[in-house]
Amino acid sequence: MLKVNSQKSKVIVILGPTASGKSSLAVKLAEKIHGEIVNADSRQVYKKMDIGTGKTDSLGSKIPHHLLDIVFPDKPFSLAQYQRLAFRAIDDILRRNKIPILVGGTGLYIRAVVDNLDIPKVKPNITLRQKLEKQTAAKLFSQLKKLDPKTAEIIDYHNKRRLLRALEVVLIKHTSFAELQKTKKPRYDILQIGLKTDRAILRQRIEKRFIQMIKNGLLEETKKLLKKYPANLPSMSGIGYLEIGQYLAGEISLQEAVNRAVSRTYQYAKRQTTWFKKDERIKWISKTSQAGKYILNFLKK
RNA sequence: GCCUGGGUAGCUCAGUGGUAGAGCGCAAGACUGAAAAUCUUGGCGUCGGCAGUCCGAUUCUGCCCCCAGGCA
């Protein structure tokens with residue numbers, strides 16, 4: 001075991017696209033440095049969704065994992081909620097003199113923790129959203145322009161989801177959405193390690209992994225979930241569940257479901273890569289063995 | 001062998017007498033209470049082959065090749 005200069009507030013982040021090997025690196029690391037893992041994956045928070053989200057491995061681990069299985073699939077979950085829970089879990093681990101290792105692929109969730117995002121304190125208002133949802137993006141945009149010209153200038157005006165949120169904030173809080181979006185002082189001293197994987201290899205791994213999920217019982221898991229939860233829930237439209245659901249409904253063949261899920265995962269991996277690319281603080285490694293030197297330095301300083 | 005429908009972007013297909021488009025895929029990007037979501041940008045491809053008509057053919061005509069269905 002390493003000698004750890006027990007300073008406060010050190011957090012290690014392991015990030016990267018799906019199927020890049022984050023979890024196994026994190027567990028190895030946790031064993032070595034007396035760490036505990038905090039999940040930063042937006043899908044692994046759901047209960048009963050184990051195989052399809054790739055949570056299965058983590059569940060059997062001896063290393064404590066936090067923020068897995070914290071909400072039922074039909075309950076809404078959000079960034080702000082995640083941030084609160086993550087801070088709580090991290091603080092708890094630190095209090096016990098262990099090292100928190102944040103692991104996941106949801107870039108926005110990681111950023112919320114790392115940069116201590118100040119998320120506008122306006123809860124999602126479902127009724128309002130449903131009402132606004134019916135209008136065209138153009139209409140929503142012109143409305144936003146009137147109410148909050150500052151945000152209108154920088155917003156993605158084709159993107160209804162963004163428009164909805166921006167309008168929600170102005171309508172409820174009467175303050176500009178853009179102005180409310182800030183970052184606060186970082187809470188922790190953070191080292192971010194990114195796992196880099198060649199895209200062609202990643203694609204192969206994704207395919208292999210998905211087939212393995214099916215062998216592990218993804219069809220059964222999906223069937224069980226569909227008995228209890230509607231297919232249109234955000235949780236149920238996750239990669240794998242959606243496609244297997246379509247297969248179970250007789251809409252597509254199993255082969256087609258596999259193809260679609262694999263290619264959707266691959267596209268997702270691309271988006272993750274794009275997101276992380278911008279963060280210059282990330283130390284990229286291509287082999288897990290390369291993490292050691294960064295970790296040592298970080299814990300020593 | 002005959003009849004019919006069809007051969008156009010990696011795939012599925014739309015379309016036009018003045019050398020072409022969509023969806024998907026693929027590539028790149030955005031992202032502050034739905035983020036495995038949502039959104040933006042990117043299309044010269046012997047328009048199956050050869051010949052003919054025409055100022056001009058992917059579009060019309062003829063022949064040939066290939067595919068699907070029907071009749072023998």
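Proteins get letters first, then strands, A, B, ... in listed order; numbering begins at 1 in each.
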B:rU32 OP1/OP2 closer than 4.0 Å to side-chain N/O of A:K184: no
Under 3.5 Å donor-acceptor pair, A:R271 side-chain atoms to B:rA30 base atoms: no
Sugar-phosphate only, base, or nothing, as touched by A:Y157 at under 4.0 Å among non-hydrogen atoms: nothing
Neighbour count above 12 (heavy atom, 6.0 Å) for A:R281 CZ: yes
Closest nucleotide among B:rC39, B:rA27, B:rA35 to the A:R162 side chain: B:rA35
Complementary nucleotide of B:rC50, counting Watson-Crick and G-U pairs under 3.5 Å: B:rG62
Sugar-phosphate only, base, or nothing, as touched by A:K182 at under 4.0 Å among non-hydrogen atoms: base
Nearest listed nucleotide, side chain of A:K270, among B:rG33, B:rA28, B:rC26: B:rA28
Between B:rG29 (C1') and A:F276 (CZ): distance, integer Å: 16 Å
B:rU12 and B:rG17, which share atom name C1', separated by this distance in whole Å: 27 Å
Length of the CG-C1' vector between A:L128 and B:rA34, whole Å: 14 Å
Pairwise C1' distance, B:rA9 and B:rU58 [rounded to whole Å]: 14 Å
Side chains of A:N39 and A:Y82, donor plus acceptor under 3.5 Å: no
Touch class at under 4.0 angstrom, heavy-atom based, for A:G107 against every strand present: nothing
A:H158 side-chain proximity, nearest of B:rG29, B:rU40, B:rU38: B:rU40
Sugar-phosphate, base or nothing in reach of A:Y46, heavy atoms under 4.0 Å: nothing
Touch class at under 4.0 angstrom, heavy-atom based, for A:L242 against every strand present: nothing
Between B:rU40 (P) and A:W275 (CH2): distance, integer Å: 18 Å
Minimum-distance nucleotide (side-chain atoms of A:R199 versus B:rA27, B:rC26, B:rU38): B:rA27
Integer-rounded Å distance: B:rG25 P and A:R260 CZ: 10 Å
A:K28 versus A:S24, side-chain donor and acceptor atoms under 3.5 Å: no
Inter-nucleotide P distance (B:rG18, B:rG56), Å rounded: 14 Å
Sugar-phosphate, base or nothing in reach of A:T18, heavy atoms under 4.0 Å: nothing
B:rC64 versus B:rC55 - spacing of their C1' atoms, nearest Å: 29 Å
Sugar-phosphate only, base, or nothing, as touched by A:L79 at under 4.0 Å among non-hydrogen atoms: sugar-phosphate
Within 6.0 angstrom of A:F77 CZ, more than 12 heavy atoms from elsewhere: yes
Sugar-phosphate, base or nothing in reach of A:Y82, heavy atoms under 4.0 Å: nothing
Any strand: nucleotide that pairs with B:rA27 via Watson-Crick or wobble, under 3.5 Å: B:rU41
Shortest side-chain distance from A:T274, nucleotide among B:rA34, B:rA28, B:rA30: B:rA30
B:rU59 to B:rG23 separation - C1' atoms, rounded to the nearest Å: 23 Å
Any-strand Watson-Crick or G-U partner of B:rA14, both distances under 3.5 Å: none
Sugar-phosphate only, base, or nothing, as touched by A:P76 at under 4.0 Å among non-hydrogen atoms: nothing
Inter-residue atom distance A:R43.CZ - A:Y46.OH, 0.5 Å rounding: 5.5 Å
A:K121 or A:Y268, whichever maps to the more 5' nucleotide of RNA chain B: A:K121
Phosphate OP1/OP2 of B:rA34 contacted by A:K160 side-chain N/O (<4.0 Å): no
B:rA57 versus B:rC24 - spacing of their P atoms, nearest Å: 35 Å
B:rG10 to B:rG43 separation - C1' atoms, rounded to the nearest Å: 12 Å
Verify same cluster id: A:Y268, A:I110 (apolar side-chain graph, 4.5 Å): no
Rounded distance (Å) that lies between atom C1' of B:rC39 and atom CD of A:E133: 13 Å
A:F298 atom CZ, over 12 foreign heavy atoms within 6.0 Å: yes
Watson-Crick or G-U wobble partner of B:rG5, both distances under 3.5 Å: B:rC67
A:Y266 side chain to A:E207 side chain, donor-acceptor N/O pair below 3.5 angstrom: no
Rounded interatomic separation in angstrom, taking CG from A:L163 and P from B:rA30: 19 Å
Nearest-angstrom distance from the residue atom CZ of A:R264 to C1' of B:rA35: 12 Å
Euclidean distance for C1', B:rG69 against B:rA51 (whole angstrom): 30 Å
Proximity to the side chain of A:Q267 - top-ranked nucleotide from B:rC26, B:rC39, B:rU38: B:rC26
A:D115 CG - B:rC31 P separation (whole Å): 13 Å
Presence of A:R165 side-chain N/O under 4.0 Å of B:rU38 phosphate oxygens OP1/OP2: no
For A:S58 against A:L68, the heavy-atom pair lying closest together: CB-CD1, 4.0 Å
Residue mapping more 5' on RNA chain B - nearest nucleotide basis, A:L117 or A:R43: A:L117
Phosphate-side-chain proximity, A:K277 and B:rG29, N/O vs OP1/OP2 below 4.0 Å: yes
